[in-house]
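Have a look at the structure below before the remarks.
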Amino acid sequence: MNHSRSEALFARACDLLPGGVNSPVRAFRSVGGTPFFAQRAEGAWLFDVDGNRYIDYVGSWGPMIAGHAHPQVLDAVARTMRDGLSFGVPNALEVDMAEAITRIVPGCEMVRMVNSGTEATLSAIRLARGATGRSRIVKFEGCYHGHGDSFLVKAGSGVMTLGLPNSPGVPAALADLTLTLPYNDFDAATALFDRAGQDIAALIIEPVVGNANCILPRECYLQHLRELCTRHGTILIFDEVMTGFRVAPGGAQQRYGVTPDLSTFGKIIGGGMPVGAYGGRRELLRQIAPSGPIYQAGTLSGNPVAMAAGLATLALIEAPGFHDRLEQATHRLCDGLESAARATGVAFHTTRLPGMFGLYFRHGPVETLDDARASDTARFNRFFHAMLERGVYFAPSAFEAGFMSSAHGDTEIELTIAAAREAFALIAD
Ligand code: HOZ
């Protein structure tokens, strides 16, 4: 593959943007090499500025569940933007979006739209602190909830990839209010709540960890956290920025039958436009200004074009059988990759849910952050590049989940598995 235009663009970008990118996970820091620059995208495919094409398993990090440039999403955007890009007064699409989210997601009686997942999680913990009068929050090692100060403590995603799980610039006084727990450890959670439960405003969790590769909750783990929070008067927040509308129409809370007090969203509800939302019990949301005293605001919140893209995407995922097909496709991909690895003797394991998966260069099972860390990341890096050269783009980090869309059909999956057979053979030594 020729990458000369991408390389020239990256050289220019490195002079102008920190690390050459506008978000660290896009740089190829841990896998090595330089990122390719996108020209356009369609369905399951990304096309770069050098004329190469890739089957895309990143999907803009989650929003593109219906595939890139879906005609119904583009039509909705085009139709809406002709009426203006932003009004600064309410518009009907915001109400339609709130109706859609509260209808689809079990734990949401009301929502507030914001502009990113980070804004959603920041706002949700402010609400939890305001509502409980407590200051401490609990998060999980390896979980990532955006780049808000309180969350950059033993965090996942880019900070884990770069080995910076606690960031300079976060005041110690604030970081000290964030307590951490190992994911999927029942006893550690019980012990922490026995010790400090009366001080904990919120427990925030990715119900399925998607920012430390992809780790599924042990049976009854989320129920256990629900019970602890209820017993101690702590607000349970599910960060469904990745899992929302993906692992089931109503997200992980629907799939696992556990209802949080608050939920945070992003990605799919914007259909590729910048967006976020937090929602939950009416009694809590009513405490947000102007109906209550807890302040949170945003010039572009509820932006009509973002609402239109998100509503068109939600209409697509509500089609009968959408998630069943997505689940089958994810199994076909993961089973195919595992069998290709087995044929070459490479230790390899996948985790999967509808439209979301983890790739591990080790034998399974993978249930904890330590299990995920024990994956052979050097081998992942070689696999990543071998696949990229064969036109398959996985996330450029051993600590990010992969995503599939409804546009990943048999052809794309077979091409991926054929490429993987060669890639596994290449890295088998
Ligand atoms: N949260 C995503 C990565 N796990 C994508 C957002 C980002 O660019 O950090």
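Read the numbers this way: they start at 1 and go in the same order the structure lists the ligands and their atoms. Along the sequence shown, the residues carry numbers beginning at 1. Just so you know, these numbers use all the heavy atoms, side chains as well, and skip hydrogens, waters and symmetry mates.
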Across all chains, not counting sequence neighbours, the side-chain contact (heavy atoms from CB on, under 4.5 Å) partners of Leu284 are Leu127, Ala131, Ile235, Asp261, Leu262, Arg281, Gln287
Nitrogen or oxygen contacts under 3.5 Å, ligand 1 side and protein side:
{"unit_1": "ligand 1", "atom_1": "4 (N)", "unit_2": "Ser157", "atom_2": "OG", "d": "3.0"}
{"unit_1": "ligand 1", "atom_1": "4 (N)", "unit_2": "Asn211", "atom_2": "OD1", "d": "2.4"}
{"unit_1": "ligand 1", "atom_1": "4 (N)", "unit_2": "Glu400", "atom_2": "OE1", "d": "2.6"}
{"unit_1": "ligand 1", "atom_1": "4 (N)", "unit_2": "Glu400", "atom_2": "OE2", "d": "3.3"}
{"unit_1": "ligand 1", "atom_1": "8 (O)", "unit_2": "Ser23", "atom_2": "OG", "d": "2.5"}
{"unit_1": "ligand 1", "atom_1": "9 (O)", "unit_2": "Ser23", "atom_2": "OG", "d": "3.4"}

Taking the basic N atoms (NZ, or NE/NH1/NH2) and the acidic carboxylate oxygens, is any pair closer than 4.0 Å for [X] and [Y]?
X	Y	value
Arg332	Asp410	yes
Arg112	Glu119	no
Asp376	Arg382	no

For Arg40, side chain to side chain donor-acceptor pair (under 3.5 Å) partners two or more places apart
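Here the qualifying residues are Glu42.
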Quick one: list whatever passes side chain to side chain donor-acceptor pair (under 3.5 Å) with Asn184, sequence neighbours left out.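 Testing Asn184 for side chain to side chain donor-acceptor pair (under 3.5 Å), a comparison that skips the adjacent residues, returns none.
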